[in-house]
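Just below is one structure, and these are the notes that go with it.
Predicted model only: the values in this text are computed from it and were never measured.
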Amino acid sequence: MLEAIAWIGSAFIIAAVGLSIAGAVGVLRFPDVYTRIHAASITDTGAASLMTLGMLLMAGLSPAAIKLCIVWLFIMLTSPAAAHALAGAAFGSGHRPILGDPRRPSEDET
Amino acid sequence: MTRLLAAPEAELVFAALLLTLLAGLVLALLAARSVLTCILLMSVFSLTMALWLMVMDAPDVAFTEASVGAGVSTMILLGAALSSTDVIPSVRPGRFWFPAVACLAAFIGMALALSDLPVFGDPGSPPSSYVGRLYLEHTPHDIGAPNVVTAVLASYRGFDTLGETSVILAAGVGVLLLLGGSLNSRDPVSEDVSLRISAGSPVLSVAARLLIPIICLYAFYVLAHGEFGAGGGFQAGVILAAALILHALVFGVRETMRALPVGVVRSCAALGVLGYASIGFIAILHGGRFLDYDALLSPVFEAGLPSSHLAGGHHHWGQRLGILGIETGVMLAVASTMTAIFYAFAGRVSRSDEAGAA
Amino acid sequence: MSPFAGVQFASPEVIQHAPALMIAAPLTAACVAALSPSARWAWFSSLGGALFALWMALCLAADVAQSGVVSYAVGGFAPPLGIELRVDDLGVFFSLLVSILGVATSLASASLLRLELPERDHALMQAGFMLALTGLLGLTATGDAFNAFVFLEVSSIGTYALVAMGASRDRRALTAAFQYLIMGTIGATFFVIGVGLLYSVTGTLNMTDMAEKLSASSSDRAAIAGLVLITVGLALKAAMFPLHAWLPGAYSAGPSVVVAFLAGTATKVSVYLLIRFLMDVAGGLEGAGEGLLNWLIAPMAGIAAVVASVQAVFQTETRRILAFSSIAQIGYVLLGVTSGSVAGLTAALFLLFAHAMIKTVIFLCLGAIGHRGAQLETLAGAGREAPWTITALAIAMLGLAGAPFTAGFLAKWRLLGALADGGRIWAVVAIAVSSLTALVYCARILETMVFRTRRSSASGVSEASPAALAAIWFLAASSVWYGLDASALYDLARQAAASAMGASS
Amino acid sequence: MTAGEILILAALGTPLAAAGLALVFAKIRDVRDTVTIVAALALTCVCVALLAETALGRPPEMRLAEPIPGLSIFFRLEPLGALFAAMASALYLLNSLYSIGYMRARREPRQGRFYACFGLAMCAVSGVALAGNLFTAFLFYELLTFATYPLVTHKGDETSRRAGRLYVLLLGGAAAALLLPAVATIQAMAGSTEFVTGGLLAGRMDALPAGVLLIMIVFGTAKAALMPLHAWLPGAMAAPTPVSAFLHAVAVVKTGVFLILKCAAGIFGPEIIATSPAAQGLLWTAAATILIASATALTRDDLKERLAWSTVSQLSYVISGALIAVGAGVVGGGLHMLTHAFGKITMFMCVGAVYLAAGVTRVSAVSGLARRMPLVFAAFLVGSLSVIGLPPFGGMWSKFLLITAAFGAGEPVTAAAMILSSLLSAACFLPIVISGFLGEPGEAALRSGPVRAPFLTVLPPVITAAGCFGLFFIGDWVMTYLIPIAERAP
Amino acid sequence: MTLALALTPYVYGLGFFMMAAGLLIALTSRHLIKRLIGLGVFQTSAGVFYILLSKVSGGTAAIRLEADSPAARSLASRLDAAYIATHGVDGVVYSNPLPHVLILTAIVVGAATLAVGLSIIVRIRETYGTVDFEELAALEAKALRDGREDEA
């Protein structure tokens, strides 16, 4: 039984790795600030929590598991707030999101 | 955390790979054209270094590198860079080649010494087989703290750490001297500066109000936990400073300054170092050497205390008390110095804005 | 026979802890100065710290005179586990030098700071000054290689900011301080990498332990690379010839009280570390220490003596002349150190002590009379405005030029004799040429101050405050006293040289 | 403390006391001047007593202090030193009288400092004279340079300050760059720097290094004004005449050649000087200096510069004497030092008196003036005859001795140079006297009103002129007295 | 062991390369902040060298584990008993803790230097208006010439 949970945990971690790669590609390829912030927060929130859950499953019932839960809670609290702060700062300093299709220059290009 | 890695060699290979990544980062840093890129590369460099240190079995150092290297350094670098020009002009060849040759000569000189250096990870090398091993063997008997690094840091080589804490005080004194001019005048920074983050947005203030107490608690945990796991005075001090800086970022430097004025911060830095030194003096008054924690508690008093289970019946309450005492002193010094440095840079940014705006 | 033999300065319990208290006292004074509300309190605490350190240094000198080497295991753990403060004749010679100059500078610091910096910075300046004193005293007493690095950083990080504070008088202090920071940190980091290399060969950080392991070890290349790096690092810190670019800027723009203390002690302690590593620690490696001394340091020192003196002649700013003269004097000292004979090292240490006192007096005088203008011309006719200070300055200048009846003269005499005896004719020629140029710039400064009439446009110059005068005249008088009867200082220098050379041969 | 030691301390102490008191009473003219005269008188008595002690074969000696183990300030009298000290103190007395008259007539500023520096310089001179080892001699030699600098720059204007700069640079520089290393090396090699009859280094050092040391010492003692290090002497004429008279005829320059004499006799010794090629080279340089300086003196129109250039050439007489390996050379040098001092100080004082009375400084303006100032010009005549070396005056003995010694030691070049230079100096000084007495009166001589120099500036030159005359008779006693300094190593 | 032998020159070589690169940046870059960053890299690479010395293959962090605790046993399972016996302490092989202590100090010293350096840079920017090394040198040379003229 423990073996199965450990394998599920590993699956979680591999998924987390996939997510972070996606996030990294997103940061490089997305056209404007806000989409890039979204991609970064995927890595920051999604991949990190998935990895923590994976390790939680692998750690089984031990003091480490409790610590991992606290870490997961902490990530859940801070990462979205960080992304929000980043977006707020970007908006505050005058960056406007590109609306419509990025390939065709939209009318209200500032 | 159980390890899944099979053979010890795999660790070495992984470490070598990470080191290659670090070298790549340095190359990127060499070619960077904008200051912000440099700062971010430096931050990534520190974080990867922290990861590499974990792989090299140095959790304490990884912790410090992450908090001091990536956290505080990046913050003050950004603070200084905000007000200066961003683009880095290319250096004239004339002035480039002489230092370049000097660095190459240094590199070759050091590379020549490669053949005599101990093999990577060799347990029989002089460093690992002589004093390092003595520490591992003597710590339970002498000090009784499981974390040998903290034991060596605080007790065996406590004098080094005292020197290092005075280095921090020196940095604090230096920064306050240079940039503190406007700070300790009675009116703190004129208008509210929160480094241009839209203050008062509910999400941030709620998150901050929730997080700051947790961070402070975590800092004290790291301080107390120093003897058992990775942690200690420096890391705790930086985390405490991080909490204060978070408060300043979200609620504005003026609020934080009202809660913790510069005069208090400056005095705490001095008190931290003074506390550390006075523990040394108390040891002398009790008849031991300078910073000899065994002399802190009189043997009669110590006999009454329960003996710690780990050290096989030896009571080391004097050492434990001493280590905790100096770690608190170090935390106080580090936290207040980092806060003072942040005040200095934050205060300066507002001045540059006025200068910029005017 | 050391002049301190049989002298008792304190009760045995206090003497037993002298090494640690000598370092902890100025550190505590620094904290109290940082805490103190007003400049006056900060000055009292810094003066108290410096005096206590001097008292401890004297106790140490008596203790070392009696029992040869004083070893103090900090924290109660014997080396190689714990850190050991190991003070022998060589170490105590430098502890005395640093603490004496510390007391003198601290005595004069109140009035000098008042002339140059706003009132609110004085407390922190005193704290920074005390931290620098802590670092330097730590360096002279420590017996642990890495601990030396830590104290090197303690002494220099404080001084970077202190030098930058000279911007209130001369804005070039900022760029000079930045250059000083970069060069100083590179020097310290080279030093720590060198110690790392030695650690990789010996496995220990205690210097005496390292010396034994080095003589037994077979892998020489890493050890030699380590020694080379340590020498380059300390050469940067001691402003040895090719790596001296930072010194003129820092010494000419920094606040006078800071530069007075640094000119007398900072570069000197780095020379002490150089002697300690190349003669004691590298003693085991047959030929490495001597090889480095003869083929790397000696030629550089010779060039330094000549080129720096010639550059000093062409400067028009007073403090910049003195900065280049400091680089030349370091060249002299290193020529003596590398002469390979005990007589040569004795003469070098004696010259080092005399020059340190003289340089501190000169910078204290320049600061005490409120010499704000950089150019030498602004000092014209200062002799009339501040007769007492300028007489002390004149005595010091004569000592710098090596005029008779001053310590500088006897030291140069002994150094030339030792070098000639050792057959190093090129070194004798180098010193002869540079003492000729030294005479030129000293005569120029003296003539401007004493024999010229006052120019109306020159900035106002006023007599020094009593405390500053006491400090200045104490040092000037002792530099003349050691010119007349140098037996006390000479014996100390000879014992220090014997213990340094004795350990290696 | 034996009587001898008290005398030595007095010889050093009195001028120091004079200097101190002169500074203290700088403002009260009469007290300051009397103090200087009394001190000069006391110093002369002490030096004469020392001379007597040495002559009677009981040379006092004293080890004053030991600043560094192995180096001691040691005084020991020997005939040449005692003679030099006595001469210097006597002329110091006369020069003090002269300078009181001169300075009061010209109402010079800062006279307190003037007399103080004079006293200090005199202390340095007696220090060098009495020194028993090269270290003490070097110490007081350097003190002399720094003590006389304020005197050279007494006027305070740009020319005297430039002269002062050249003065310190050449004298101090040569001492620091050449003399100090040489003496330090001797101390290191021989363990001590004591003057030993027959030479300290005799037998300890072979010719080549000793030769190098000899060159360094001779050129290092720039006060002896051997070319090319002679430029400071004509420059120093910018100083007031009492300074030129005493310092640049008696004290400073004589100290230089005295030091070379003592080194030649006491450090190197006759064997080394005879064998080393360096001495030969130096002899030719000295000969060249004698000739060139005498020739240049002819071209100089200013009276004081003419005397200065003649001094440069006369000094090289003494240097050649020291470098001739024959005993008579050193004795001749010592005697010449004495006779030239008396002769040249007389001439300088007369020139000063003429300047005070008639404001004349150039040779061409002197014609016809002698009839208005017969006594001064008579003294000038006696002085110049003694310097030229004609029979009824002391100068003759010393030149005779030097020339015969040169021939005896097989140095025809030096002998020829000396003879030729005597002729040149005759051609240089006699026209002044002749045009003064017989020339038709120039505008200075025709000026109405009395042309009288103050009494105090006329008496001293007359006394020294009498001295030149007296030296002729006691010449051979002085020679026999000086013989012992030139013996070979026992 | 042959893998470790092969890795040694590579790993130390990288460490020395980072030192040389950091030194190069600190000495040649024209932007003062980049110089400080170069200095930081140089100091951190000194740490790398120390930590490379401290690693013991198969060792774990220097936190003393109970001889028979689960973690100790799982660690022991991966190494052969002879290796543990000779190099381990109470049944567990640890890396050398001493360099860790030294590097803790070096990191903090690096941060302190960075803080002081940056405050000097801020002051330079406020007084000179530029942080470019070449411009600063030009400004100072001009100031020196003016200084000499008006005060002479």
Side-chain angles (χ1 to χ4, degrees), chain B residues 2 8-9 12 16 19 23 26 30 35 38 42 56-61 64-65 68 72-73 76 80-81 84 88-89 91 96 99-100 103 106-107 110-111 114 117 119-121 123 127-128 131-132 135-137 146-149 152-153 157 160 164 167-168 171 174-175 178-179 234 341 348, chain E residues 3-5 7-12 14 16-18 20-21 23-25 27-31 33-34 37 41 44 51 53 55-64 74 87 89 94-98 100-101 103-105 107-109 111-112 114-116 118-123 125 131-132:
Chain B
T2 57
E9 274 73 19
L12 302 182
L19 206 55
V26 169
L30 201 62
V35 176
C38 288
M42 188 66 190
M56 296 289 281
D57 307 334
D60 289 82
V61 190
T64 317
E65 176 63 26
V68 172
V72 169
S73 304
I76 44 178
S84 73
I88 301 175
V91 69
F96 178 81
C103 299
F107 175 69
M110 286 188 260
L114 267 183
L117 288 177
V119 175
F120 185 32
S128 312
V131 179
Y135 280 131
L136 287 166
E137 284 154 6
N147 182 354
V148 175
V149 171
V152 170
L153 180 82
R157 294 183 68 91
D160 253 2
E164 195 208 309
V167 162
I168 291 163
V175 170
L178 284 165
L179 302 180
F234 297 109
I341 290 171
R348 223 65 191 187
Chain E
L3 180 76
L5 268 175
L7 277 179
T8 311
Y10 177 71
V11 165
Y12 284 114
L14 278 180
F16 293 149
F17 162 72
M18 285 199 317
L23 195 59
L24 188 62
I25 299 172
L27 290 176
T28 54
S29 51
R30 281 180 61 169
H31 197 289
I33 291 183
K34 189 169 180 193
I37 291 175
V41 168
T44 322
I51 299 293
L53 289 175
K55 175 66 181 154
V56 170
S57 70
T60 175
I63 298 167
R64 289 293 305 264
S74 71
H87 301 297
V89 174
Y94 298 102
S95 286
N96 175 6
L98 184 54
H100 304 175
V101 175
I103 292 320
L104 262 171
T105 314
I107 290 172
V108 172
V109 160
L114 187 72
V116 174
L118 284 173
S119 24
I120 294 178
I121 287 178
V122 168
R123 280 292 295 271
R125 196 192 49 70
V131 276
D132 176 349

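Nearest approach of B:V175 to E:S119, heavy atoms of both residues: CG2-OG, 3.6 Å. A pairwise comparison of heavy atoms in E:G59 and B:D57 identifies O-OD2, 2.8 Å as the closest pair. Considering every non-hydrogen atom in both B:V26 and E:A21, the closest pair reads CG1-CB, 3.4 Å. E:F17 and B:F107 get closest at one heavy-atom pair: N-CE1, 3.4 Å. For the residue pair E:V122 and B:L179, the shortest heavy atom distance occurs at CG1-CD2, 3.9 Å. In this structure, B:M110 and E:F16 approach most closely via the heavy-atom pair O-CE1, 3.5 Å.
Using modelled atom types and a 3.5 Å distance limit, the side chains of B:S128 and E:N96 yield no donor-acceptor pair.
For B:V68, the part sitting under 4.5 Å from any heavy atom of chain E is the side chain, from C-beta outward, and nothing else. Both the backbone and the side chain of E:L53 come within contact range of chain B, each with at least one heavy atom under 4.5 Å from a heavy atom of that chain. Contacts of E:Y10 with chain B are made by side-chain atoms alone, with heavy-atom separations under 4.5 Å and no backbone atom involved. With a 4.5 angstrom heavy-atom cutoff, B:V131 touches chain E only via side-chain atoms. In this structure, chain E has a heavy atom under 4.5 Å from the side chain of B:I341, while its backbone stays farther away. Only the side chain of B:M42 comes within less than 4.5 Å of a heavy atom in chain E; its backbone stays farther off.
Most heavy-atom pairs under 4.5 Å with chain B: of the set E:L23, E:I37, E:V89, this distinction falls to E:I37. Put simply, of B:D160, B:I168, B:L136, the one with the most heavy-atom pairs under 4.5 Å next to chain E is B:L136. Per-residue heavy-atom pair counts under 4.5 Å with chain B were compared for E:L27, E:I103, E:I25, and the maximum is reached by E:I25. Across B:V72, B:T64, B:L19, the residue that shares the most heavy-atom pairs under 4.5 angstrom with chain E is B:L19. The choice from B:V152, B:L117, B:V167 that makes the most heavy-atom pairs within less than 4.5 Å of chain E is B:L117.
Rounding to the nearest 0.5 Å places CD1 of E:I107 at 10.5 Å from CZ of B:F234. Separating the CD atom in B:E65 from the CG atom in E:L104 is a distance of 10.0 Å, to the nearest 0.5 Å. Distance CG/B:N147 to CZ/E:R64: 12.0 Å, rounded to 0.5 Å. Atom CG of residue E:L98 and atom CZ of residue B:R157 lie 6.0 Å apart, to the nearest 0.5 angstrom. One finds the CZ atom of E:R123 at 6.0 Å from the CG atom of B:L178 (value rounded to the nearest 0.5 Å).
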Test log, rule side-chain contact (heavy atoms from CB on, under 4.5 Å), inputs B:L30 and E:L24:
CA-CA 8 Å; B:L30 201 62; E:L24 188 62; 4.2 Å; yes
Test E:H100 against B:D60 for side-chain contact (heavy atoms from CB on, under 4.5 Å), laying out the working first.
CA-CA 7 Å; E:H100 304 175; B:D60 289 82; 5.7 Å; no
